[in-house]
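In what follows, a structure is listed as structure tokens, so that the remarks can point back to it.
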Amino acid sequence: MRHVLSLFDLSAEEIRRVLKIGTDLKQHFVEGLRPTSLEQRVLGLLFEKPSMRTRVSFETLIRHAGGSSLFLGSDVGWGTREPIQDFVPIMTSYLDCLVIRAKRHEDVVAAAQYSRCPIINGLTDYSHPCQALADILTVQELLGSLDNAKITYIGDANNVAFSLALVCNRLEVPLTITAPSEYQFDSDTLSLLNSVATGPKTEQTVDPLSGVEGSNIIYTDVWTSMGQEAEAKRRIQDLAEYQVNAELLARAGVGARFLHCLPARRGEEVTADVIDGPASAVIQQAENRLHAQKGLVVWLLNEANQK
Ligand code: CP
Ligand code: NVA
């Protein structure tokens with residue numbers, strides 16, 4: 001059975017296929033059409049952390065496609081009420097697909113071992129593959145193609161950066177991470193990410209000014225991810241030089257666009273004038289969660305795991 005726990009699970013060709021399905025379905029949606037290729041399918045959402053975009057986009061896309069969803073919070077007792085070897089095979093025998101947002105990535109990996117339906121990672125401490133699919137779809141729309149894309153990610157090399165690096169390496173898009181060395185990927189992680197690159201490899205630099213030069217996409221995420229709240233004060237101090245503000249954006253290529261997975265903290269990783277200004281494409285990027293994930297679910301259920 002095929003699962004999508006990270007973008008290591010998808011080849012470059014499969015990512016292109018997911019994006020093609022998502023783009024076609026977006027076009028249909030814009031024209032007022034909602035093809036029902038997932039009729040009667042039931043999508044479960046098992047979430048251990050808060051969410052707006054991920055939850056609402058998955059719950060909406062399955063309805064557009066003729067199916068339905070179940071949101072499953074802490075009351076179902078995952079990890080507390082009964083062991084995983086009972087919980088997961090039973091729950092996944094009811095469902096057609098399960099999206100999990102978990103505190104620990106290893107719990108999603110363990111769930112996949114017992115699962116009877118495809119699992120999609122809806123964010124863990126390690127990766128956020130659905131976000132990266134929407135991100136690259138947005139870059140493609142903004143620039144017309146990925147051929148001349150050059151992306152700089154500024155700030156904490158976290159779950160979002162991890163998935164962004166994988167999608168860039170798979171699709172041969174140059175990516176530079178700029179962060180203080182202790183917030184960069186360690187050398188083993190960088191080697192792992194770069195092991196899938198067939199074109200340019202992800203690079204890292206501590207210098208934000210040279211890091212953004214020549215890039216047409218500037219991307220950041222929060223400095224303090226969910227679960228790291230106790231470190232917030234230190235993180236704000238350590239990353240202060242890496243804020244995306246008008247001055248830093250001006251160092252990037254002419255017409256460079258700004259992306260952020262959201263939610264954002266204005267005044268920390270990005271200033272209000274940038275995220276609310278003309279360079280920002282964050283609303284389009286968030287909207288694309290719906291379309292990219294629709295492509296993913298249709299591909300996963302109707303092509304990769306055909307019944
Ligand atoms: N970007 C993202 O995953 O948003 P939510 O946490 O609101 O789902
Ligand atoms: N890095 C952030 C992303 C939220 C969508 C977090 O994990 O909290």
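Only a predicted model underlies this, so the values are computations on that prediction, with no experimental measurement involved. Note that ligands are numbered from 1 as they come in the structure, with each ligand's atoms numbered from 1 the same way. Heavy atoms only: backbone and side chains are in, while hydrogens, waters and symmetry mates are out. Numbering of residues begins at 1 and proceeds along the displayed sequence.
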[X] bridged to [Y] by N-O distance under 4.0 Å:
| X | Y | answer |
| --- | --- | --- |
| Arg17 | Glu303 | yes |
| Glu213 | Arg251 | yes |
| Glu13 | Lys20 | no |

Notebook entry, point to check: Do the two ring centres, one from Tyr219 and one from His260, sit under 6.0 Å apart?
Noted result: no
Next item on the list: Under the side chain to side chain donor-acceptor pair (under 3.5 Å) rule, what do Asn288 and Glu141 come out as? Steps first, then yes or no, please.
Entry: CA-CA 10 Å; Asn288 278 334; Glu141 287 177 347; 2.9 Å; yes
Checklist line | Arg55 NZ/CZ over Phe71 ring centroid, <6.0 Å and within 45° of normal | finding: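 Judged by the rule, Arg55 and Phe71 form a cation-pi pair.
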Does ligand 2 come near enough to [X] that some N or O of the ligand is less than 3.5 Å from an N or O of the residue?
| X | answer |
| --- | --- |
| Ser225 | yes |
| Asn159 | yes |
| Met226 | yes |
| Lys49 | no |

Margin query: With heavy-atom distances below 4.0 Å as the criterion, list the atoms of ligand 2 near Leu123.
Written below: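 The list of qualifying atoms is 3 (C), 4 (C), 5 (C), 7 (O).
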Note to self: Students often mix this up, so state it plainly: with edges at 30° and 60°, are the rings of Phe162 and Phe185 parallel, tilted or perpendicular?
What the structure shows: perpendicular
Are there any protein N or O atoms under 3.5 Å from the N or O atoms of ligand 1? List them with distances, or say none.
from     : atom 1 : to     : atom 2 : distance (Å)
ligand 1 : 1 (N)  : Gln131 : OE1    : 3.0
ligand 1 : 1 (N)  : Cys261 : O      : 3.0
ligand 1 : 1 (N)  : Leu262 : O      : 2.8
ligand 1 : 1 (N)  : Arg289 : NH1    : 3.3
ligand 1 : 3 (O)  : Thr54  : OG1    : 3.0
ligand 1 : 3 (O)  : Arg101 : NH2    : 3.1
ligand 1 : 3 (O)  : His128 : NE2    : 2.8
ligand 1 : 3 (O)  : Arg289 : NH1    : 3.1
ligand 1 : 4 (O)  : Arg53  : NE     : 2.8
ligand 1 : 6 (O)  : Arg101 : NH1    : 2.8
ligand 1 : 6 (O)  : Arg101 : NH2    : 3.4
ligand 1 : 7 (O)  : Met52  : N      : 2.7
ligand 1 : 7 (O)  : Arg53  : N      : 2.9
ligand 1 : 7 (O)  : Arg53  : NE     : 3.2
ligand 1 : 7 (O)  : Arg53  : NH2    : 3.1
ligand 1 : 8 (O)  : Ser51  : OG     : 2.6
ligand 1 : 8 (O)  : Arg53  : N      : 3.4
ligand 1 : 8 (O)  : Thr54  : N      : 2.8
ligand 1 : 8 (O)  : Thr54  : OG1    : 2.7
ligand 1 : 8 (O)  : Arg101 : NH2    : 3.2

Note to self: For Ala197, give me all partners under side-chain contact (heavy atoms from CB on, under 4.5 Å), at least two apart in sequence or on another chain.
What the structure shows: Asn169, Lys201
Check: To the nearest 0.1 Å, how far is atom 3 (C) of ligand 2 from its closest protein heavy atom, and which atom is that?
Finding: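 The closest heavy atom on the protein side is Asp221 OD2, 3.6 Å.
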Next item on the list: Using a 4.0 Å heavy-atom threshold (strictly under), name the region of Leu262 that reaches ligand 2: side chain, backbone, both or neither.
Entry: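 Answer for Leu262: backbone.
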Note to self: Counting neighbours of CG on Asn245 that are heavy atoms of other residues, nucleotides or ligands and sit closer than 6.0 Å, is the number greater than 12?
What the structure shows: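 Counting neighbours around CG of Asn245, more than 12 heavy atoms of other residues, nucleotides or ligands fall under 6.0 Å, so yes.
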Check: When Val99 is tested against each of Val297, Ile120, Leu72 for side-chain contact (heavy atoms from CB on, under 4.5 Å), which residue passes?
Finding: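 Only one of Val297, Ile120, Leu72 forms a side-chain contact (heavy atoms from CB on, under 4.5 Å) with Val99, namely Ile120.
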Notebook entry, point to check: Under 4.0 angstrom from ligand 2, any heavy atom of Asp125?
Noted result: no
